[in-house]
Amino acid sequence: MSKHVGTVGFAPAGETHGQRQARRRRERSLATSPKLSLQELRAQRAADKGEAGSTGDWGNRAGATLWGPHRAQPAPHRASTLTMAAAYPFLTESGLGPEGTYIGKDLFGSGAFCYDPWVMYDKGFISGPSIVVIGTVGTGKSMCGKSLVTRSITLGRKAAVASDPKGEWVPVANAIPGGKVISVGPGRVARVNPLDAGPRSSALTDAQWQAVVRQRRRHLLVALVSLMRPGVPLTPVEHTALDMALSDAVAANTTPTLPMVLEYLLNPTPATAALVGPNGGTGVGHSLRRTVSGDLEGMFDAPSTVAFDADAPIMVLDTSALIGASEQALSLATVCGATWLEAAVTNPGGAKRLVVYDEGWRMLADPYMLAKMSEQWRLARSYGIANLLIMHKIADLNEIGDSTSGLRQKALGLLTEADTRVIYRQKHDAMRLTKEALGLTEAECEHVENLPKGVGLWKVGNRSFIVANQVTTDELAVFGTDERML
């Protein structure tokens with residue numbers, strides 16, 4: 001059954017007499033003309049215009065075709081970039097630019113992701129150069145840290161690893177031309193004197209430099225004694241005895257060692273004895289004695305046999321020989337080694353350097369190291385360094401104390417103050433603490449829980465990226481930590 005075109009009569013408003021007569025003539029003509037189907041009417045009109053079978057703005061007029069305007073002009077939608085970013089997270093991100101170290105692929109931006117803390121600071125994307133990398137075991141966080149460090153070295157940056165408790169950075173340093181490794185521990189030949197003054201800044205006068213060195217040495221001695229007797233603070237007399245012993249040791253030798261200080265504590269000079277008594281420093285001396293004849297004997301109790309090479313692209317302090325040692329011995333070694341390294345890298349006239357704190361939870365649990373790291377976080381811009389803290393999860397801070405612990409709050413402050421946070425996959429039960437500590441959104445938390453290996457969420461300032469870290473075959477052979485599992 002075919003459809004036919006009928007006639008419909010209407011009178012337009014405002015029609016004149018002549019227009020009405022012409023309209024009626026057309027209607028009469030249509031009423032007496034043969035009835036045509038829609039298809040026949042369209043063919044007739046096309047023939048009248050010489051367009052039979054042609055395709056115009058309305059497409060092909062042949063049968064069984066979609067005939068209609070193909071130049072549709074939808075109404076434009078206008079919105080601010082803030083609104084678009086909220087409606088389509090990640091998809092409207094323009095990227096950080098090509099400057100810096102190539103890390104991998106921006107999965108949502110479909111482009112290369114490059115990062116350099118000093119470049120980001122210069123651009124105003126971040127207010128501080130400190131970086132925190134968090135991820136559970138086997139998610140790729142160590143690979144990310146090593147990729148950032150080694151590739152930054154090719155761009156002229158330098159690196160220093162404050163403590164390498166698992167020996168993972170040793171092959172990295174050995175693979176970089178000019179890289180240096182200092183291994184300390186039982187049976188190792190290297191000796192590191194934590195009381196070394198370190199390189200002097202040209203901006204300091206003699207008096208200022210002496211004050212800086214003395215303060216650094218005093219803090220180290222107090223930390224070592226505090227580690228040996230946790231929860232027992234030094235008395236005023238013990239503080240005085242320690243200060244006097246340090247002064248006497250410096251007077252005897254401009255570069256003192258721990259055994260020299262210990263000798264003046266156990267056998268004070270007449271001036272010291274008159275001030276604190278003959279036994280005023282005995283308790284402190286016995287606490288310090290363990291660094292000389294206890295677990296750490298032969299590591300930090302003699303003049304340094306190695307020196308920090310400021311020109312080396314990477315320096316690694318290898319403490320893996322202490323695996324299996326007591327927690328106190330590990331803490332003592334970490335404090336001694338990190339203090340020595342700090343004296344070398346915190347030089348305002350030095351090169352831009354990444355300072356790596358691997359297994360960061362162990363250092364955050366140590367009050368002295370936590371204090372030193374807080375200082376380096378605050379003064380990173382003055383020193384020209386970028387701190388890189390690598391740890392497993394925020395819940396590791398529970399080892400420091402509960403939510404009311406001052407030390408825990410201080411450690412949490414280091415994480416929240418880092419303007420660059422890289423989060424690899426986290427378990428669901430750890431996401432609440434991660435969200436609160438690092439300021440993640442619900443959408444970001446959902447992504448973090450399901451990230452595949454090697455993919456991390458990068459929060460650079462207030463901007464977010466999902467980045468797949470890409471490594472070469474040669475890098476994988478050096479960076480990998482799964483050899484024993486294969």
For side-chain contact (heavy atoms from CB on, under 4.5 Å), just list the numbers for Thr420 and Met120, CA-CA rounded to whole Å, side-chain angles, deciding distance to a tenth of an Å, and then say yes or no. CA-CA 10 Å; Thr420 302; Met120 299 299 107; 5.9 Å; no
Apply side-chain contact (heavy atoms from CB on, under 4.5 Å) to the pair Thr291 and Asp301, showing each step before the final yes or no. CA-CA 7 Å; Thr291 63; Asp301 55 1; over 6 Å; no
Please lay out, stage by stage, how Val448 and Thr434 fare under the test side-chain contact (heavy atoms from CB on, under 4.5 Å). CA-CA 10 Å; Val448 168; Thr434 304; 5.7 Å; no
Before you tell me yes or no, could you show the steps for Val316 and Val172 under side-chain contact (heavy atoms from CB on, under 4.5 Å), namely the whole-Å CA-CA distance, both residues' side-chain angles and the distance that decides it to 0.1 Å? CA-CA 9 Å; Val316 175; Val172 176; over 6 Å; no
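Not one N or O on the side chain of Lys180 forms a donor-acceptor pair closer than 3.5 Å with the backbone of Ala312. Asn193 contributes a side-chain N or O that, together with a main-chain N or O of Pro256, makes up a donor-acceptor pair within less than 3.5 Å. A distance-only check finds no donor-acceptor pair linking the side chain of Asp248 to the backbone of Ala245 [under 3.5 Å]. Between the Arg381 side chain and the Arg378 main chain, no donor and acceptor come within less than 3.5 Å of each other. The main-chain N or O of Glu446 is found under 3.5 Å from a side-chain atom of Asn450 such that the two form a donor-acceptor pair. At least one donor-acceptor pair closer than 3.5 Å links the side chain of Thr305 to the backbone N or O of Arg191.
Every residue meeting the ring pair (Phe, Tyr, Trp, His ring centres under 6.0 Å) condition with Phe113, not counting sequence neighbours, appears here in chain and number order: Trp458, Phe465. Here Val455 pairs with Leu107, Leu451, Pro452, Ile466, Ala468 under the side-chain contact (heavy atoms from CB on, under 4.5 Å) rule; sequence neighbours left out. Checked against salt bridge (charged side-chain N to carboxylate O under 4.0 Å, His left out), Asp243 has the following partners two or more places apart in sequence or in another chain: Arg218. Every residue meeting the side-chain contact (heavy atoms from CB on, under 4.5 Å) condition with Glu417, not counting sequence neighbours, appears here in chain and number order: Trp377. Considering only residues two or more places apart in sequence or on other chains, Ala241 meets the side-chain contact (heavy atoms from CB on, under 4.5 Å) condition with Leu265, Val276. With sequence neighbours excluded, the residues satisfying salt bridge (charged side-chain N to carboxylate O under 4.0 Å, His left out) with Glu99 are Lys123. Residues meeting the side-chain contact (heavy atoms from CB on, under 4.5 Å) test with Cys114, sequence neighbours left out: Tyr102. In this view, Asp311 satisfies the salt bridge (charged side-chain N to carboxylate O under 4.0 Å, His left out) rule with no residue, not counting sequence neighbours.
When side chains are defined from C-beta on, His392 counts as touching Val137, because their heavy atoms get closer than 4.5 Å. In this structure, the side chains of Tyr424 and Met143 stay at 4.5 Å or more apart for every pair of heavy atoms. The closest side-chain heavy-atom distance from Leu457 to His447 is not below 4.5 Å. Counting heavy atoms from C-beta on, the side chains of Ser147 and Gln470 never come closer than 4.5 Å. For the pair Thr150 and Phe479, the minimum side-chain heavy-atom distance is below 4.5 Å. Between Pro268 and Met244, every side-chain heavy-atom pair lies at or beyond the 4.5 Å cut-off. Side-chain contact between Val250 and Met260 is absent, with no heavy atoms from C-beta onward closer than 4.5 Å.
The list of salt bridge (Lys or Arg N to Asp or Glu O under 4.0 Å) pairs with a residue in residues 425-437, not counting sequence neighbours, reads Arg432-Glu436, Lys435-Glu442. Contacts classified as salt bridge (Lys or Arg N to Asp or Glu O under 4.0 Å) and involving residues 150-165 (residues at least two apart or in different chains) are given here: Asp116-Arg157, Arg151-Glu475. Every pair passing side chain to side chain donor-acceptor pair (under 3.5 Å) that includes a residue from residues 254-264 is listed here, sequence neighbours excluded: Glu263-Asn267. Screening residues 221-237 for salt bridge (Lys or Arg N to Asp or Glu O under 4.0 Å), with sequence neighbours left out, gives Arg229-Glu238.
Listed here is the closest heavy atom pair of Ala418 and Val132: CB-CG2, 3.6 Å. For Val184 against Met299, the heavy-atom pair with the smallest separation is C-SD, 4.1 Å. The minimum heavy-atom distance between Val261 and Ala249, with the atom names listed, is CG2-CB, 4.0 Å. Heavy-atom minimum distance, Thr416 versus Ala437: CG2-O, 2.9 Å. When all heavy atoms of Pro194 and Leu258 are compared, the pair lying nearest together is CG-CD1, 4.1 Å. Nearest heavy-atom pair across Ile126 and Pro117 is CD1-O, 3.5 Å.
Interatomic distance, Leu440 CG to Met431 CE, rounded to the nearest 0.5 Å: 5.5 Å. Residue Ile390 holds its CD1 atom at 9.5 Å from CD1 of Ile131, rounded to the nearest 0.5 Å. In this structure, CG on Asp196 lies 10.5 Å from CZ on Arg216, to the nearest 0.5 angstrom. Distance check, rounded to the nearest 0.5 Å: OG1 of Thr101 to CG of Leu155 gives 4.5 Å. Once rounded to the nearest 0.5 Å, the distance linking CG of Leu438 with CD1 of Ile134 reads 4.5 Å. Of the inter-residue distances, the one linking Met315 atom CE with Asp309 atom CG reads 6.5 Å to the nearest 0.5 angstrom.
Side-chain contact check for Asp318 and Ser183: at least one donor-acceptor pair (N or O, by modelled atom type) lies under 3.5 Å.
Remark: Arg289 CZ is loosely packed, at most 12 non-hydrogen atoms of other residues, nucleotides or ligands lying under 6.0 Å away.
A cation-pi contact, defined as under 6.0 Å to the ring centre and within 45° of the axis, links Arg463 to Phe125.
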